[in-house]
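Keep in mind it's a predicted model, so treat the numbers as computed, not measured.
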There are 2 protein chains.
Amino acid sequence: MKALKQRSTCPISTSLDVLGDKWTLLILRDMVFAGKSTYGQFLQSAEKMATNVLADRLAVLESQGILTKAVASDKKSKFTYRLTEKGVETVPIIIELILWGTKHGPAVVDPGLLEELQLGKDAAVEKYQRLAREKALA
Amino acid sequence: MKALKQRSTCPISTSLDVLGDKWTLLILRDMVFAGKSTYGQFLQSAEKMATNVLADRLAVLESQGILTKAVASDKKSKFTYRLTEKGVETVPIIIELILWGTKHGPAVVDPGLLEELQLGKDAAVEKYQRLAREKALA
DNA sequence: TCTTTACACTTGTAATTTGCAAGTAAATAT
DNA sequence: ATATTTACTTGCAAATTACAAGTGTAAAGA
C-alpha cells in the first residue's frame, strides 16, 4: 500500500502529488497512445525508465485507482494493466502536454497526430478516450 | 545556465523534462491564479517548498524562457518574475490538472473558479491567459 | 551614523529518490 | 529436464530533496 503525502488541498497540488514526476504520465501515454499494457512493454519505451522505478509507479497508479492489474488472459506469468475511468480522464492533461511540447519544445511529432489535434482538440480527446475505454474492456 | 537533459523527442516527454516535477507547475499556478511575482511570495504557498528548490526551479524556468527576471520597480533588492508567452501557454495544462484533481482527488476547490470552469473551459483558459498577459506587462 | 529589517538567495548536511547492474522466482516452451 | 520468458527485487553509488542556518545587499528606523 503506497501512501501518498498530500501537500495541500489545492487541486493542482493534489494532482501533482500523483502525476507530478518525470515517469508517471509516460506510462499513461504508452497505454493511451501506444496501446501498451504490460511491464515488459513499458520498459521498451525510448526514455528507458529503470525497472524499480517502473514497478514503484505501477504500484502507486494501482493504489490510486488509476489503473488495475490482472493476470493476462494468455499467460499466467504475465500481468495486464488497464486504465480505469480515472486514468482515462488524464487524457486531456496528456493532450495539453503534447500541444505545449510541440509548440515550445525540441519535440519531434507524429504529423498525423498533430494534424488531428490541430483540427480539433476536443474531438481528439474524445477519440483517444474512447479507444482507451475500449482497450480497457479487452 | 541550467542544461536540461532531453530523454527523447516525444513531445510529452520533452514537456515533462521541464514541467514534470512536484514544484514547477505550482510556481506557475501562483503566478497565474494568485498574481504572485516574487521569491518571497512563492515561498508563502501552502505547500512550503524549500528555498533551494525554489531558487533552482526559478533558474530553470528562466533558462527555458518560461519566465523572465527583472529588478522590481519599487526596490532594487527585489526581483519581479514575469511569464513569457511560453509560460502563459501552460495555462491549459494547469486548468486540466485542476479539473482532474477536483474530480478525482481529495482537493478542496474554490467554488467560484470551479463554476467558471464548468461553465466553459475554453473561456476560463482565455480569461486567465489574458489576465496573465496583462500582469506580465505591469 | 549605526543598527535593524526586508529580501533573495547560498551553503551544509542528512534523508530520500533515482539509475544502473545483477539476481530471484514462477510459468512456459523445447 | 533444461532453457527461456516475464515480472519483478535487491544492492549500491549518484543525484536530488528537505531542513536549518548563514550570507549579502538595499532600504528603513533610531
Side-chain angles (χ1 to χ4, degrees), chain A residues 1-8 13 16-27 30-31 34-64 67-82, chain B residues 1-8 13 16-27 30-31 34-64 67-82:
Chain A
M1 202 66 82
K2 279 273 168 186
L4 226 45
K5 100 173 66 159
Q6 186 183 332
R7 294 171 296 169
S8 79
S13 171
L16 293 175
D17 286 340
V18 188
L19 307 175
D21 76 284
K22 300 212 182 303
W23 298 110
T24 300
L25 285 165
L26 293 185
I27 296 174
D30 284 349
M31 297 184 82
K36 295 183 183 177
S37 61
T38 68
Y39 183 91
Q41 288 176 326
F42 298 133
L43 278 185
Q44 284 159 31
S45 299
E47 295 84 9
K48 298 289 165 206
M49 98 179 81
T51 58
N52 52 351
V53 174
L54 174 58
D56 178 82
R57 292 305 181 279
L58 287 172
V60 171
L61 286 169
E62 192 190 359
S63 79
Q64 294 301 309
L67 47 79
T68 58
K69 179 182 183 176
V71 173
S73 53
D74 56 334
K75 273 190 179 184
K76 277 188 189 165
S77 63
K78 216 168 147 184
F79 293 102
T80 299
Y81 294 93
R82 292 191 180 85
Chain B
M1 202 66 80
K2 279 272 168 186
L4 273 184
K5 99 174 66 159
Q6 187 184 330
R7 293 172 295 169
S8 79
S13 171
L16 292 175
D17 286 340
V18 187
L19 306 175
D21 76 284
K22 300 213 181 304
W23 299 110
T24 301
L25 284 165
L26 293 185
I27 297 173
D30 285 349
M31 297 184 82
K36 295 184 183 178
S37 60
T38 68
Y39 183 93
Q41 290 175 325
F42 296 132
L43 278 185
Q44 284 158 32
S45 299
E47 295 85 8
K48 298 289 167 207
M49 99 180 77
T51 57
N52 52 350
V53 173
L54 174 58
D56 178 82
R57 293 304 181 281
L58 287 172
V60 170
L61 286 169
E62 192 191 359
S63 80
Q64 295 299 310
L67 47 78
T68 59
K69 179 182 184 177
V71 173
S73 53
D74 55 334
K75 272 192 178 183
K76 278 187 190 167
S77 62
K78 215 169 148 184
F79 294 100
T80 298
Y81 293 93
R82 292 189 181 85

Which residues satisfy the side-chain hydrogen bond (donor to acceptor under 3.5 Å, both in side chains) test with [X], sequence neighbours excluded?
| X | result |
| --- | --- |
| Arg57(B) | Asp21(B) |
| Lys36(A) | Ser45(A) |
| Ser8(B) | Glu47(A), Ser13(B) |
| Arg82(B) | none |

Using atom CG of Leu26(A) as one end and atom P of dG19(C) as the other, report the distance to the nearest whole Å.
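Checked: the CG to P distance equals 11 Å.
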
May I have the distance from Lys48(A) (atom NZ) to dA21(C) (atom P), rounded to whole angstrom?
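Atom-to-atom, Lys48(A) to dA21(C), this comes out as 12 Å.
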
Validation row: Tyr81(A), Gln41(A) side chains within 4.5 angstrom (heavy atoms)
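SC-SC contact between Tyr81(A) and Gln41(A) ruled out.
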
Provide the start and end nucleotides, 5' to 3', of the part of DNA chain D that has atoms under 4.0 Å from heavy atoms of chain B.
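Footprint of chain B along DNA chain D, 5' to 3': dT17(D) to dA27(D).
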
So, taking the atom named CG in Leu19(A) and the one named OG1 in Thr24(A), what distance separates them when rounded to the nearest 0.5 Å?
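Here the interatomic distance stands at 6.5 Å.
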
Rounded to the nearest 0.5 Å, what separation is found between the CZ atom of Phe79(B) and the OG atom of Ser37(B)?
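One gets 13.0 Å once the value is rounded to the nearest 0.5 Å.
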
Scan nucleotides 8-15 of chain C nucleotide by nucleotide, 5' to 3', and note B when protein non-hydrogen atoms come under 4.0 Å of the base, S if they reach only the sugar-phosphate, - if neither.
SBBBB---

Need to verify one output field. Residue with the more 5' nearest nucleotide on DNA chain D, Lys76(B) or Trp23(B)?
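On the 5' side of the pair lies Trp23(B).
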
Kindly give the heavy-atom pair with the smallest separation between Leu54(A) and Ile27(A), and that separation in Å.
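Of all heavy-atom pairs spanning Leu54(A) and Ile27(A), the closest is CD1-CD1, 3.7 Å.
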
